[in-house]
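This report concerns only the one structure given below.
Here, residue 1 is the first one in the sequence, and each next residue gets the next number.
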Amino acid sequence: MNGGLYYGGVGWGDYDADGDVDVLVSGNAEVRVYKNNGNGTFDPTQLTVSAAGFIEGDVTWGDYDNDGDLDVVGIGEHGGSERPLHL
């Protein structure tokens, strides 16, 4: 998906457990994770997950399933009603 993200949110977390804080952004029906290269730059090859219909929401990191890895959880509108998004 191309284009800017709008009506979304941002979350910081070390998703790849390398000691560098990575960034999670959402908006415009997609969620992106940008890997921190450890030198103040972020990998231009981001992980993009389609979240069709998920708009005007927010995302954050958390260990949703208690397995020690960061998971993504968000909430936003889908078809005019709020609903959670679990990735």
Using the side-chain contact (heavy atoms from CB on, under 4.5 Å) criterion, which residues pair with [X]? Sequence neighbours excluded.
{"X": "N39", "result": "N37, T41"}
{"X": "N66", "result": "D63"}
{"X": "V10", "result": "W12, V23, V25"}
{"X": "D22", "result": "D14, Y15, D16, K35, N36"}

Between F42 and V33, is any pair of side-chain heavy atoms under 4.5 Å apart?
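Side chain of F42 against side chain of V33, heavy atoms only: no contact under 4.5 Å found.
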Within a strict 4.5 Å, meaning less than it, do heavy atoms of the L24 and W61 side chains meet?
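Heavy-atom side-chain distance check passes, below 4.5 Å.
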For the residue pair [X] and [Y], what are the closest heavy atoms and their distance?
{"X": "S26", "Y": "V31", "answer": "CB-CG2, 4.2 Å"}
{"X": "D58", "Y": "G9", "answer": "OD1-CA, 3.3 Å"}
{"X": "D67", "Y": "D71", "answer": "OD1-OD2, 4.4 Å"}

